[in-house]
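On a predicted model such as this, the values are computed, not experimentally measured, just so you know. Just so we're on the same page: letters track the sequence lines, and every chain starts at 1. Any value given below was found using the heavy atoms of this structure, including those in side chains, with hydrogens, waters and symmetry copies removed.
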Amino acid sequence: MTGGRENLGQVKNPEGMDETLLSKAERRDTAVHVQGLRKHYGEVHAVKEVDLTIKAGEVVALLGPNGAGKSTMVDMIVGLTTPDSGIVRVFGLPPRQAVLEGVIGAMLQEGALLDDATVIEMVGMVASLHKNPLPVREALRKAGIEELARRRSTKLSTGQKQRVRFAVALVADPDLLLLDEPTAGMDVRRRHEFWHSMQEFTASGRTVMFATHYLEEAEEFADRVVFLRDGRIVADGSVAQVRSLAAGRTLRATISGVSEPAMRALPSVVNVEIRQDKVAVLSSDSDTTLRALLSRFPHARDVEVVGVGLDEAFLALTSRTRTSEGELS
Amino acid sequence: MNLGYLALELRRVLREPGTLLFIIGFPGAFYLLEAVIFESQWPARSAIDPGAVLLPAMAGWGVLISGMLVGARVMNEREAGWQRQLRLTPLTGGGYLLGKAAVGLLVSIPPPIVVALAAALFRDVRLDLGGWLFVTLVITLGGTPFAVLGLLIGQFGNKKNTQQIIIIGMLVLAIFGGIFIPLDSLPPWFTYVGYATPSYWLIDLGRAGIEMGGDPMRAGLILLAWTVVLAGAVIWRYRHDSARN
């Protein structure tokens, strides 16, 4: 069934796919593989049909407004929430198995702490549950909370609590670290300290996926940015692309009989959106794009050029209302 | 079983001196009070002393409340989101249950001993060694389903309702187990309902120590069945409970 690939076809899998499609090397190189993921809570569709592959060693930021489905996605990747349909694999393993193997470390938004235990007790206990944990002191040092070891969690500030939860995630010595809003409630200085300790972790080639509200964080610390809105990935690209998105301008025009490939063929085009005859082109060099657009489509009307900052780009990508399935207005 | 997990669980319980004092002191004190009340109404020709009759009832009460109160504490860590964090470790549903139930059992050891001491020192109750074992360690072991039941209530309840559910649950179990008032002195339907409760069989098990109970093997097996069913529910709930608060 997989031809020349390493044969894993004998693996019995109730979902009837995936294992047979991934070779061993691909498993090692693919930190997260998500396919056709859906989840709804009652009437609310939290995640709709998401496909995402994260390579080992990537640092990926998951951006999106509240309710975009970020936390639900993180929950499904770590196996806390079972998807309605779709596949999740972490280094080739189903989430629960990846957790049992100590492959996943996660810092959840609501993963609070025990009121009646000290920092070292909590981190130590979690370490004792894992197969190959880091020494507890090392995890505390990496999270920058060595001096808080004997403190009860009731006596910690919000930022300190976040770092304790970071230590709890780190102590498993995981290959994939998932962080849901890791710097929520921290001031700017604390955020910098936090990301500094994170860099030590990513420097060793581990994979990190973090959900955040802060664009600067995504820009500064991620290799790749995934925008989520209304339970769908609306943009996915490298930080360089995001930067050009931010530095770029949006060209709008009305062009009858326009096609997406034709627009994409224009120079310096980052992104194209077409609705009927209305075109919105995101360009990293609007002058070049505009000249090419006008020479190729002399009949273009209502031409306008507007600048976008990262914030606007982000807002544009994540907060527009959808008029119909998959179409932006 | 994971010792690191068990050790922290135990240490956390010991940090709540109020609950511990209540669990350890209350059944003993209640025993002495009830013994005084019942003594004045006790038929003079009765072969058995009220102090002895009340012994398994109050020892069982101590086991029941400690198991349930300690188990229900799990509600706090669920509400705090700690249980979600635990689900991201290799701790299995079974390991989780074992750790929690073991702590519940360990805390249930002292209360019946305190009641037994009160009986021996202040009410001159005399039993043979086997009898003392039944009203202390055997009844503690028989209390396993209550530790698991408390756990289950803590896993389903929230900050608002757990306290009430536990208190009502403990009282209902006490009444139909014949803990506060001997079932012989109540209409027979109390006894029939009692058969369906684990508390009835817990006291029945303890009463084997004063040679008033039924077959202790039967009581033990029924309590074991209760444990298995409740434990299954706890493990199921642990695996599926990922509710966001």
Side-chain angles (χ1 to χ4, degrees), chain A residues 39 41 46 71-72 74-82 90 95-118 120-133 136 152-154 161 164-165 167-169 171-172 174 176-178 180, chain B residues 1-20 69-70 72-100 102-103 107 154-155 158-159 162 235-245:
Chain A
K39 180 73 191 179
Y41 296 104
S71 294
T72 307
V74 170
D75 276 10
M76 286 193 281
I77 293 172
V78 300
L80 280 178
T81 298
T82 313
V90 178
R96 183 62 198 153
Q97 210 178 326
V99 166
L100 290 177
E101 297 288 327
V103 172
I104 298 179
M107 183 174 157
L108 301 171
Q109 219 174 332
E110 294 152 1
L113 306 169
L114 293 170
D115 283 346
D116 49 6
T118 64
I120 198 164
E121 281 175 341
M122 285 183 281
V123 180
M125 192 268 265
V126 171
S128 78
L129 296 173
H130 281 283
K131 267 190 204 161
N132 301 302
V136 176
R152 288 262 185 116
S153 56
T154 41
K161 278 185 183 167
V164 172
R165 286 162 42 196
V168 166
V171 79
L176 168 68
L177 198 53
L178 280 127
D180 197 354
Chain B
M1 192 190 311
N2 184 288
L3 286 179
Y5 176 58
L6 183 62
L8 179 58
E9 287 298 308
L10 195 57
R11 240 181 298 172
R12 289 176 54 216
V13 171
L14 297 180
R15 278 182 190 147
E16 249 180 75
T19 310
L20 279 184
L69 288 174
V70 169
R73 292 170 70 253
V74 74
M75 180 271 297
N76 293 317
E77 58 195 76
R78 265 185 66 239
E79 294 263 306
W82 178 252
Q83 189 157 316
R84 279 163 59 81
Q85 195 69 53
L86 274 186
R87 294 270 290 120
L88 298 175
T89 70
L91 183 67
T92 59
Y96 167 85
L97 171 80
L98 273 179
K100 293 280 183 197
V103 171
V107 177
Q155 277 189 316
N158 57 38
K159 269 203 165 60
T162 301
I235 292 175
W236 180 87
R237 179 67 176 165
Y238 174 72
R239 284 191 191 143
H240 291 86
D241 177 26
S242 60
R244 299 182 154 276
N245 301 311

Using the rule given for side-chain contact (heavy atoms from CB on, under 4.5 Å), can you reason through B/Leu88 versus A/Leu108, listing the C-alpha separation, both sets of side-chain angles and the distance that settles it, and then say yes or no?
CA-CA 10 Å; B/Leu88 298 175; A/Leu108 301 171; 3.5 Å; yes
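Residue contact with chain A, scored on non-hydrogen atoms closer than 4.5 Å, involves the side chain of B/Arg15 exclusively. For A/Ala172, no part sits under 4.5 Å from any heavy atom of chain B, backbone or side chain. Of the two parts of B/Leu8, only the side chain, counted from C-beta on, holds a non-hydrogen atom closer than 4.5 Å to a non-hydrogen atom of chain A.
For the pair A/Leu113 and B/Trp82, the tightest heavy-atom approach, listed with the atom from each and the gap, is CA-CE3, 4.0 Å. Nearest heavy atoms, B/Gly4 versus A/Ser128: CA-OG, 3.6 Å.
Here the CG atom belonging to A/Leu114 is positioned 7.5 Å from the CD atom belonging to B/Glu9, to the nearest 0.5 angstrom. Atom CG of residue B/Leu91 and atom NE2 of residue A/His130 lie 9.5 Å apart, to the nearest 0.5 angstrom. Of the inter-residue distances, the one linking A/Asp116 atom CG with B/Arg11 atom CZ reads 11.5 Å to the nearest 0.5 angstrom. In this structure, CD in B/Gln83 is found 10.5 Å from CG in A/Leu80, a value given to the nearest 0.5 Å. To the nearest 0.5 Å, atoms CD (B/Gln85) and CZ (A/Arg165) are separated by 7.5 Å.
Checked by atom type and distance alone, the side chain of A/Glu101 never pairs as donor or acceptor with a backbone atom of B/Pro90 at under 3.5 Å.
Of the listed residues (B/Glu16, B/Arg12, B/Glu77), the one with the most heavy-atom contacts under 4.5 Å to chain A is B/Arg12.
The shortest side-chain heavy-atom distance between A/Met125 and B/Leu86 falls under the 4.5 Å cut-off. Looking only at side-chain heavy atoms (C-beta outward), A/Val78 and B/Arg87 stay at 4.5 Å or farther from each other.
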